[in-house]
**Q** 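First, the structure itself, so that you have it in front of you.
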Amino acid sequence: MAELHQFAYGWVNPVISYVIAAFGCAIGLVCTARARAALNGAHREKWLVLGAVSIGGTGIWPMHFIAMLGFDVPGSIVRYDVALTTASALIAILAVGIGLFIVGHGGAGLVRILLGGIFTGLGVAAMHYTGMAAMRMGGTISYDRTYFVASVLIAVIASSVALWFTVNVRGWGPVVLAALIMGVAVVGMHYTAMFGVRVHLHRMDSPIEGVSPFLFVAPITLLISCALVMLIFSVLSPPAEDEDDIVAGLSPMVDTAPERGTALLPRRVARSSFNHRASSHS
């Protein structure tokens, strides 16, 4: 069995991975807060999609890839298959999207959160192991069963907790705290899975196919930067007419289900109508 290095560049990769994961999750939590505040279905769908892109595409998957840059097999060079690497990113976004849409439609009770957490957790685990399948080296990869099962369980539990946060967290302080906790969870899932990796080297008579992982750094950085800029501008944009005015400040972020008698009306419209009636009576 080959010697493996999980931290080839020291603590640089884990720290950067954690920061990326926490930042992406924070933006995703804000997006889901906007989705909860939207009474119009189209706006709700838009914010849920943005939340999935933020958490899955700019948080979880980049965390995985940056962390993998610190993975090294001294006895072999490591290359990556471009198609499978791209597929792993799409899986992360799709998995998070399924979970957000499950809890974003209908009542967000415990059953929905658990169901969404199972789908999302299995998807995040599939993302990780698809990314591992994209690796090319002079040997074969196997996984310790205990670590494999533990990583999947952590992914499911972390996803369920993350979905609970998206439904219940309100205010900037709790959002930041929730994002920090989610960052710990996804990074912990990654390294739990990586500690179960076993590599058996064998003689290679042909060159190893694939590209160096460092060739992904520039395009991934550019794409993530553009996505984050777009997401941040979207989050900081003024609320739509069908969103509660508290969303603009996100403090406090409360549920915006309309009260009886004001169904499908934003609170600002309901208040305006009430004030108009009051002034007419006076």
Side-chain angles (χ1 to χ4, degrees), residues 1-21 23-24 56-95 122-152 154-155 183 186-228:
M1 190 168 61
E3 177 186 1
L4 305 179
H5 294 166
Q6 300 288 353
F7 307 100
Y9 302 99
W11 289 97
V12 174
N13 295 89
V15 171
I16 295 178
S17 299
Y18 174 75
V19 171
I20 290 175
F23 190 61
T58 65
I60 295 176
W61 183 78
M63 174 281 303
H64 164 83
F65 188 82
I66 296 300
M68 288 304 300
L69 291 178
F71 178 76
D72 183 47
V73 183
S76 173
I77 61 174
V78 177
R79 295 289 183 262
Y80 283 83
D81 179 271
V82 177
L84 282 176
T85 301
T86 304
S88 68
L90 297 177
I91 291 173
I93 297 174
L94 180 62
L122 293 178
V124 170
M127 174 277 296
H128 174 86
Y129 288 104
T130 301
M132 293 298 296
M135 296 178 65
R136 301 289 182 264
M137 64 181 70
T140 57
I141 298 178
S142 60
Y143 301 96
D144 181 276
R145 183 176 301 176
T146 301
Y147 283 102
F148 172 81
V149 173
S151 67
V152 174
I154 291 175
V186 295
V187 171
M189 176 269 167
H190 172 85
Y191 283 106
T192 298
M194 292 308 297
F195 288 143
V197 173
R198 305 289 184 264
V199 175
H200 303 271
L201 296 177
H202 50 75
R203 182 174 179 178
M204 295 292 293
D205 297 325
S206 59
I208 299 175
E209 298 180 354
V211 300
S212 170
F214 293 97
L215 293 180
F216 286 100
V217 173
I220 287 176
T221 302
L222 179 62
L223 289 174
I224 292 176
S225 299
C226 293
L228 285 176

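Along the sequence shown, residues are numbered consecutively beginning with 1. Bear in mind that the values here come from a model prediction, so they are computed numbers and not experimental data.
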**Q** What pairs of donor and acceptor atoms, side-chain ones from residues 73-81 against any protein atom, are under 3.5 angstrom apart with sequence neighbours left out?
**A**
from	atom 1	to	atom 2	distance (Å)
Ser76	OG	Gly138	N	2.8
Asp81	OD1	Ala83	N	3.1
Asp81	OD1	Leu84	N	2.8

**Q** Can you give me the closest heavy-atom contact between Ala67 and Ser17, atom names plus distance?
**A** N-OG, 3.1 Å
**Q** Supply the atom-to-atom distance Ile20 CD1 to Met63 CE, rounded to the nearest 0.5 angstrom.
**A** 9.5 Å
**Q** Output the distance between atom CD1 (Ile66) and atom CD1 (Ile16), rounded to the nearest 0.5 Å.
**A** 7.0 Å
**Q** Do Phe216 and Thr86 come within less than 4.5 Å of each other through their side chains, counting heavy atoms only?
**A** no
**Q** Could you grab the distance from atom CZ of Arg198 to atom OH of Tyr147, nearest 0.5 Å is fine?
**A** 7.0 Å
**Q** If you round to the nearest 0.5 Å, how far is CD1 of Ile154 from CE of Met189?
**A** 8.0 Å
**Q** To the nearest 0.5 angstrom, please state how far the CG atom of Leu4 sits from the CZ atom of Phe71.
**A** 4.5 Å
**Q** Could you tell me which non-hydrogen atom of Trp61 sits nearest to which non-hydrogen atom of Ser88, and how far apart they are?
**A** NE1-OG, 2.8 Å
**Q** Give me each pair satisfying side chain to side chain donor-acceptor pair (under 3.5 Å) with a member in residues 5-15, each pair once, sequence neighbours excluded.
**A** Glu3-His5
**Q** Just wondering, do Val82 and Thr85 contact through their side chains at under 4.5 Å, heavy atoms?
**A** no
**Q** Minimum heavy-atom separation for Tyr191 and Pro14, please, with both atom names.
**A** OH-CG, 3.4 Å
**Q** Taking all atoms of both residues into account, what is the closest heavy-atom pair of Thr146 and Asp144, and its distance?
**A** N-OD1, 3.0 Å
**Q** Taking side chain as C-beta onward, heavy atoms only, is Val124 less than 4.5 Å from Val186?
**A** no
**Q** Give a yes or no on whether Phe23 atom CZ has more than 12 heavy-atom contacts from other residues, nucleotides or ligands under 6.0 Å away.
**A** no
**Q** Identify the two heavy atoms, one from Gly56 and one from Ala92, that lie closest to each other, and give their separation to 0.1 Å.
**A** O-CB, 3.6 Å
**Q** Please enumerate all residues that pass ring pair (Phe, Tyr, Trp, His ring centres under 6.0 Å) together with Tyr129, with sequence neighbours excluded.
**A** Tyr143, Phe148
**Q** I need the Met137 CE to His202 NE2 distance, nearest 0.5 Å.
**A** 10.0 Å
